[in-house]
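Numbers restart at 1 for each chain; the letters A, B, ... are given by sequence-line order, proteins then strands. Quick note: numbers below take in every heavy atom, side chains included, and nothing from hydrogens, waters or symmetry partners.
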Protein chains: 2
Amino acid sequence: MKQLIKNSGLALGLALSASATAQEPIQPIEPATNINQAQAELGKKLYFDPRLSKSGFISCNSCHNLSMGGTDNLTTSIGHNWQQGPINSPTVLNSSLNFVQFWDGRAKDLKAQAGGPIANPKEMAYSHDLAIEMLSSIPGYVDEFKATFGGEQMDIEQVTQAIAEFEKTLVTPNSRFDLWLKGDKNAITAQEQAGYKLFKESGCSACHNGPAVGGTMFQKMGLVKKYETANPAQGRFDVTGNEADRHSFKVPTLRNVELTYPYFHDGQAKTLAKAVEIMGRVQLGREFNQQEVADLVAFLKTLTGEQPKFALPILPASTERTPLPEPFEVSAAD
Amino acid sequence: MKQLIKNSGLALGLALSASATAQEPIQPIEPATNINQAQAELGKKLYFDPRLSKSGFISCNSCHNLSMGGTDNLTTSIGHNWQQGPINSPTVLNSSLNFVQFWDGRAKDLKAQAGGPIANPKEMAYSHDLAIEMLSSIPGYVDEFKATFGGEQMDIEQVTQAIAEFEKTLVTPNSRFDLWLKGDKNAITAQEQAGYKLFKESGCSACHNGPAVGGTMFQKMGLVKKYETANPAQGRFDVTGNEADRHSFKVPTLRNVELTYPYFHDGQAKTLAKAVEIMGRVQLGREFNQQEVADLVAFLKTLTGEQPKFALPILPASTERTPLPEPFEVSAAD
């Protein structure tokens with residue numbers, strides 16, 4: 001039956017669209033399921049808590065801002081003491097669908113990722129031990145960890161597990177493109193459909209595929225033509241030491257790409273049009289003309305889904321035992 | 001009748017408590033009324049939008065964090081390029097009840113205050129002109145300003161008006177103390193009542209009064225005994241040039257004081273107990289003993305009200321015309 005539909009090319013309507021969808025390189029984003037709600041609620045607080053940084057000023061949400069597509073919309077991020085980060089902040093939205101985490105894939109999953117920035121001296125500049133000391137000094141957290149995980153002693157595994165569980169909720173279903181995939185043929189325009197057709201035919205979908213339209217593989221940046229950048233990141237090479245992995249990066253998701261500017265690991269493409277032009281040239285060896293760029297951009301904008309909606313969490317107050325934040329090395333006021 | 005109740009001291013129950021409340025130096029916080037919802041919704045977005053800063057990283061919520069009692073819980077704030085701020089960030093909660101804004105009262109109301117940090121080179125380091133250029137480049141904002149204010153041209157007056165309207169919603173009613181004021185005699189404990197009695201009798205309420213338990217007057221910091229601090233702020237003197245105003249500051253609200261640590265304009269009191277001890281000494285010429293401090297702190301913690309609850313706003317995306325943030329003076333990636 002599936003074969004018949006595919007071969008016949010008939011428009012058989014909604015009932016059969018699900019079968020047709022299976023042939024597409026992109027699948028719809030599904031709402032998050034099997035979420036441990038208690039962990040996710042705790043993780044939401046931790047995600048917004050700047051006390052997980054040395055300064056008391058930087059939280060996960062600082063660089064993966066859920067008001068702004070799960071990014072900071074900066075070329076590279078601002079870390080502790082206003083240090084310039086080495087790489088563009090990837091979006092946290094739909095990041096549960098990435099096959100590995102970070103641009104170079106050095107973390108196998110969200111839980112492994114979550115501990116990284118907390119202890120990175122260029123990012124939150126704290127330590128896992130201090131994070132636990134801080135959280136253990138706050139009765140509101142102590143109670144919630146105990147209720148969520150049981151046991152008497154909280155640890156960094158619980159912290160990263162809770163943050164990862166919250167992040168699993170940050171999916172963006174019901175984009176116009178997904179409505180179209182699911183059979184609503186009016187959900188996207190003729191131009192947007194033309195862009196999608198070109199996206200597939202020109203080879204974009206060889207790498208940008210799956211529900212997240214990316215996040216399923218590593219790929220060399222500059223596959224066909226060298227990608228010129230001042231950014232020294234070596235990508236996957238830094239993890240494997242394998243020469244073949246030099247400048248190989250995790251293919252980023254294109255979900256909500258309208259919101260996650262600027263683009264690429266170095267953040268050098270400020271607009272979607274620029275990103276499309278460069279991708280054509282360095283990855284596909286192709287110069288997209290103006291109309292093609294416009295069509296591709298129009299398609300990409302259909303990938304913006306429903307943004308996660310939740311109440312800003314209220315954090316439990318520190319106590320006398322809570323380590324004081326240290327935003328400045330030498331404080332003029334001390 | 002009122003006189004009779006006051007003199008007789010009879011516990012006449014709920015029906016008459018409202019009259020009794022009128023005799024108290026503190027009145028309950030009432031829910032915000034007469035809010036222009038369209039302005040407040042727009043203002044909420046602006047409040048969370050870091051594009052109102054030069055870096056694209058600092059929003060109103062960075063230093064007046066609504067997850068943390070409307071403050072940053074730092075001694076003094078972190079501004080553009082990690083500059084150390086000159087003074088402790090006052091809470092935005094219930095700030096509509098302040099008779100003037102800023103520690104030195106240099107803004108007459110929330111609207112006048114809101115424009116300050118945006119253009120302050122030590123805070124958000126942007127300018128009003130750039131803010132309007134940025135907002136005008138974003139169709140989502142253009143449409144919302146037009147729907148909210150009418151007219152073709154947005155201006156900084158609309159921006160600050162919207163932020164101020166959102167801030168007016170940030171009141172915290174129904175603290176345990178307010179429930180007690182309204183007649184629920186079990187809402188606070190005997191110790192908390194003892195603390196309140198001492199708060200009135202020792203003279204705290206001479207300055208900390210009204211619904212916000214503060215925010216109704218200026219007062220000299222170090223009224224009875226000199227307040228020792230390395231912080232050079234001169235308070236009201238900087239506005240008036242009047243010698244009598246040196247070290248005179250707006251009396252801060254004590255609402256939610258449990259959440260708004262550290263304390264004083266210099267942020268040097270890390271705990272409520274320390275703040276109470278110092279206030280007794282330098283403002284009242286009195287050494288509170290350990291029990292008195294404990295009672296006062298217990299009372300102060302009853303002033304924590306319901307924190308504002310709302311969905312994290314989703315910000316409209318920038319466009320090609322939007323000025324790029326400039327977080328770093330010289331970017332290594334450029």
Side-chain angles (χ1 to χ4, degrees), chain A residues 45 48-51 55-57 59 61-63 65-69 72-78 80-84 86 88 229-232 258-262 266-268 270-274 304 307-315 317-320 324-325 327-328 331-334, chain B residues 45 48-51 55-57 59 61-63 65-69 72-78 80-84 86 88 229-232 258-262 266-268 270-274 304 307-315 317-320 324-325 327-328 331-334:
Chain A
K45 292 194 181 82
F48 279 86
D49 199 329
R51 289 172 297 189
S55 62
F57 190 64
S59 70
N61 194 64
S62 296
C63 299
N65 191 328
L66 291 164
S67 295
M68 308 198 304
D72 54 15
N73 293 145
L74 299 177
T75 305
T76 60
S77 293
I78 295 170
H80 181 75
N81 204 23
W82 213 262
Q83 288 174 89
Q84 185 165 7
N88 182 260
T229 178
N231 188 302
E258 176 183 17
L259 309 177
T260 63
Y261 53 89
D266 60 0
Q268 283 306 297
K270 306 302 182 198
T271 66
L272 263 183
K274 190 78 184 165
T304 305
Q307 302 298 294
K309 186 165 182 152
F310 56 86
L312 184 75
I314 303 299
L315 303 178
S318 294
T319 67
E320 290 184 33
L324 293 173
F328 305 105
S331 166
D334 285 344
Chain B
K45 292 194 181 81
F48 278 86
D49 200 328
R51 289 171 296 189
S55 63
F57 190 64
S59 70
N61 194 63
S62 297
C63 300
N65 192 326
L66 291 165
S67 295
M68 309 198 302
D72 55 14
N73 292 145
L74 299 176
T75 305
T76 61
S77 293
I78 296 171
H80 181 76
N81 205 23
W82 214 262
Q83 288 174 90
Q84 184 165 8
N88 182 260
T229 178
N231 188 302
E258 176 182 16
L259 309 177
T260 63
Y261 53 90
D266 59 1
Q268 284 305 298
K270 306 301 181 197
T271 65
L272 263 183
K274 190 78 183 164
T304 305
Q307 302 297 294
K309 186 166 182 152
F310 56 85
L312 185 75
I314 303 299
L315 304 178
S318 294
T319 66
E320 290 184 32
L324 294 173
F328 305 106
S331 166
D334 285 343

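- Side-chain atoms of Phe48(B) and Asn65(A), non-hydrogen and from C-beta on, never get closer than 4.5 Å to each other.
- Interatomic distance, Thr229(B) OG1 to Gln268(B) CD, rounded to the nearest 0.5 Å: 6.0 Å.
- Side chains of Met68(A) and Leu259(A) form no contact here, defined as non-hydrogen atoms less than 4.5 Å apart.
- Proximity to chain B (any heavy atom under 4.5 Å) is shown, for Thr319(A), by neither the backbone nor the side chain.
- By the side chain to side chain donor-acceptor pair (under 3.5 Å) test, Glu320(B) is found to be paired with no residue, residues two or more places apart in sequence or in another chain being considered.
- Contacts of Pro232(B) with chain A are absent, with no heavy-atom separation under 4.5 Å from either backbone or side chain.
- Looking at residues two or more places apart in sequence or on another chain, you find no side chain to side chain donor-acceptor pair (under 3.5 Å) involving Thr260(B).
- In this structure, the separation between CG on Asp72(B) and OG1 on Thr75(B) is 9.0 Å, given to the nearest 0.5 Å.
- Heavy-atom distances place the side chain of Leu74(A), and not its backbone, under 4.5 Å from chain B.
- Of the atoms belonging to Thr304(A), not a single heavy atom falls under 4.5 Å from chain B.
- Heavy atoms of Phe310(A) lying under 4.5 Å from chain B belong to its backbone as well as its side chain.
- Atoms CZ and CG, on Phe57(B) and Asn73(A) in that order, are 12.5 Å from each other to the nearest 0.5 Å.
- Contacts between Ser59(A) and chain B at a heavy-atom distance below 4.5 Å are absent for every atom of the residue.
- If you tally non-hydrogen atom pairs under 4.5 Å between each of Pro313(A), Gly56(A), Ala273(A), Gly69(A) and chain B, the highest count goes to Pro313(A).
- Chosen from Pro86(A), Ser318(A), Pro325(A), the residue pairing most often with chain B at heavy-atom distances under 4.5 Å is Ser318(A).
- With a threshold of 4.5 angstrom between heavy atoms, Asn81(A) approaches chain B through its backbone and through its side chain.
- Contact annotation for Leu272(A): neither backbone nor side-chain heavy atoms come within less than 4.5 Å of a heavy atom of chain B.
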